[in-house]
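What follows is one structure encoded as structure tokens, with my remarks underneath.
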Amino acid sequence: MSLDPVLVMKGQDPMPNTCPPASNGDSKASWEDSKEIHENTGATKKPKSTNLYTCDVEVDMKCHFMKGPVRRARKVEGGIFFPKPENAVTIAVSSRVLFRTEKEQIVFEQQGIEEYLRYQVEHENEPFAPGPAFPFVKALETVNTRLRELYPESEELFDIVLVTYNHAHVGVRLINTINYHNLFIERFCMTGGTSPIGYLKAWHTNLYLSADTEKVQEALAEGIAAATMFMSDKQIEVSETQLRVAFDGDAVLFSDESERIFKAHGLDKFFEHERENENTLLDHGPLKSFLELLGKLQKKFYAKGHRLDCPIRTYLVTARSAASSGIRALKTLRAWGLETDEALFLAGAPKGPMLEKIRPHIYFDDQMFHVEGAAEMGAIAAHVPYGIAQKYPHKKSTNTSK
Amino acid sequence: MEDNKNCTGPLMIALQYNDLFDLLSISTSTNTDALPKGRAFTFIKAVQTVNERLVDQNKTESLLFEVILIAKECSEEIKMKIVESVKHYGLEIGKFYFCKKEELINTLQSNKVKLFISTDRDDVCKALHTGIPAALLYDQADHHVLNQLKVILSGEVIGFSEDSLDSLSDFGFSETQIETFKAAKICMKEFAVLIGQMRRRFGHENSPLCTCVLTTWGSRNICATAIKTLREWGLDVDEVYCLAGAPCSPILAVVKPHILWDSGLHNMTDSSAPC
């Protein structure tokens, strides 16, 4: 991600960028019902209009629309624009984590693709319900709003791209759903069955969230931070004003080298190893770069005097213990020039209750055991299928005081 | 899928020989029997695969691709070389037209060409302005043949309604660009209908023909309108890409289309890719 201020109107832009217009009036008739529902929940709504070029777009709290659906390269006066992927923090999400699509999945698995597509088209005007990544995406938009207020011409924003190997038949339903939930997603790739991994690179993806572990592993192998998300029945409320991201330490921010020692030789060896290597930096893990990007955005807020009410907050939630093995983790972070706002050393205690207190929009952990534990408490957790823990999953009976 | 009554096949595609063969590397080519393969080579092969599959399914299929090759201003020697090379590579070329530069448009019109493809953007524009459906031949970087013909249609051209078109000038597009856009809008429908019929001969999986919608600067709603409009015209697209201003070369490099109908509304800096 480039930190240089973007030159406005460089004159070399290959194409005009656009401002999303008010919702295309095409879908007006079929949305009357959902429009009503939406209004009752009190959310501000873009007015539906049959004229694409309406200028009377209601200014909603979060954004300002420039007149018309097309805007010139990066001229921002009162407008929203979509940043160049390499300059923004690009988050690619799949349709199955952004929305709840369990029913449709079942149709696909039990009745095959033709029936699945027919079903989707039939239910085209029924929006999907929010999925596990939804609160996270909403929080990203909140941060973007604040960033735009402070740095109206900067491209250092979150850019959300929907990358799914869903078929274009589902496209209309997905777009209808995005409209329904008032999300700021204008970029998507529906690859109709081919692997989305190639597209991740084309979009300069910084984080990929999907429901498919295999795809996530492929992304990790390509050096892209990625995690699998699952829908849980219980969902605790999360903040609407502050993005909270929590990370496990080993095999997430750091490499799994210490994890390997623990798995192979047990706890004592682990302690010994950590003590001996206290001043050796740990190697980096798959999510380190994402923490780094969050840190850069945080500094932009601090620079404008918003340290105390920064809309991004990061947490380290590790089974390491503060008195011993945790020191190496902290030293490593410091050497990397990174920090988390809070560091929680659990010394092996279960993570669930702590996560319930933090209420992160997303918590990254390499062990399914912890992800499931978090889900039981209603916290939103994402599994990073990286490192030794995938081969030797955690056994519940073991005392894992690290 | 018995819509033979709708079919007005064959689907005639015209291309120029300098796209089919790489004239620039003739001097360095070791093969003296035939002209070196050019950018349209993988396209022709993919078209032939589609035809083979169509005939497999229905021996009396009339909605097949037919390719005509146009060569402007050629010497007799080159004319011979062209015909020989086509034979050499086993390419199914329906007709050859050797003509003068000015005769290109007439040739296309008199043959009721359903699609003219070229790597030359100016040729494409000129053709569109005279009502001939024309699209860009995307330069496939490698010559490894995909077993699928990929066609991209512009989400903006289909998604923008007629009445909205005139306001495009408010946003800095030139008159010529807007005229090209309008021309493309008229031409694209017929082609989309035919491709839709062809596409329906195959199922969702393992199809030799793949259709996509690409929206480069329009909003998601333009994209949704494009998908729905195409559906009305009988074409269910397979893939959808909405870029909202992101540079399209990286995405196209992954999609690897053969035919690219774009909206024509942008400043082209890179001549090998439209965006």
Side-chain angles (χ1 to χ4, degrees), chain A residues 12-27 51-53 67-74 81-86 113-114 117 121 124 159 161-162 166-172 174-176 178-179 185-194 197-199 201-204, chain B residues 148 156 159-161 163-164 166-168 170-173 203-205 207 210-213 215-231 236-256 263 265-270 273-275:
Chain A
Q12 280 179 30
D13 296 320
M15 58 175 32
N17 295 302
T18 60
C19 168
S23 303
N24 185 331
D26 229 19
S27 43
N51 180 358
L52 273 176
Y53 289 69
K67 296 180 176 193
V70 174
R71 58 178 171 74
R72 287 306 262 165
R74 281 176 262 286
F81 61 93
F82 285 85
K84 256 207 173 124
E86 57 264 33
I113 186 168
E114 302 283 338
L117 292 174
V121 174
E124 209 160 70
D159 185 27
V161 183
L162 183 64
N166 237 319
H167 194 277
H169 273 64
V170 193
V172 180
L174 285 172
I175 296 171
N176 283 344
I178 292 172
N179 286 341
I185 303 177
E186 291 288 343
R187 293 178 161 165
F188 39 89
C189 271
M190 293 176 204
T191 70
T194 34
I197 300 300
Y199 296 97
K201 293 193 130 169
W203 284 108
H204 297 267
Chain B
Q148 204 181 47
E156 285 93 358
F160 268 106
S161 65
D163 345 311
S164 338
D166 292 311
S167 344
L168 285 174
D170 293 343
F171 302 100
F173 297 123
H204 283 110
E205 291 171 332
S207 163
C210 177
T211 54
C212 321
V213 166
T215 304
T216 46
W217 47 266
S219 73
R220 63 181 182 248
N221 293 309
I222 297 288
C223 200
T225 308
I227 301 172
K228 286 193 280 198
T229 308
L230 284 170
R231 198 190 290 162
D236 282 323
V237 287
D238 300 287
E239 302 176 13
V240 178
Y241 302 95
C242 195
L243 304 185
C248 48
S249 312
I251 308 289
L252 288 177
V254 185
V255 179
K256 295 206 192 60
S263 60
L265 292 178
H266 43 71
N267 302 312
M268 193 179 58
T269 46
D270 173 14
C275 310

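The shown structure was predicted, so the numbers you read here are calculated from the model rather than taken from an experiment. In the text below, chain A, chain B and the rest are named by the order of the sequence lines, each starting its count at 1.
- Rounding to the nearest 0.5 angstrom, the gap separating the CE atom in A:M190 from the CG atom in B:D238 is 13.0 Å.
- Closest approach of B:R220 and A:E186 over heavy atoms only: N-OE1, 2.6 Å.
- Looking at heavy atoms from C-beta onward, B:V254 lies out of side-chain contact with A:K201 at the 4.5 angstrom threshold.
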### Task
Decide yes or no on side-chain contact (heavy atoms from CB on, under 4.5 Å) for B:D236 and A:H167, but give the supporting numbers first.
CA-CA 10 Å; B:D236 282 323; A:H167 194 277; 5.6 Å; no

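- Here the shortest heavy-atom pairing between A:A202 and B:P250 reads CB-O, 3.5 Å.
- Taking SG of B:C242 as the start and CD1 of A:I178 as the end, the distance is 9.0 Å to the nearest 0.5 Å.
- Here B:H204 contributes atom NE2 and A:L117 contributes atom CG; the two are 5.0 Å apart, rounded to the nearest 0.5 Å.
- The CG atom of A:N179 sits 8.5 Å away from atom OG of B:S219, with the distance rounded to the nearest 0.5 Å.
- Across all their heavy atoms, A:A168 and B:V240 have their closest contact at CB-CG2, 3.2 Å.
- When heavy atoms are compared at a cutoff of 4.5 Å, A:V161 does not approach chain B at all.
- When every heavy atom of A:V172 is checked against every heavy atom of B:A224, the shortest pair comes out as CG2-O, 4.2 Å.
- Contacts between A:L162 and chain B at a heavy-atom distance below 4.5 Å are absent for every atom of the residue.
- Of the possible polar contacts, one joining the A:R187 side chain to the B:L243 backbone as a donor-acceptor pair under 3.5 Å is found.
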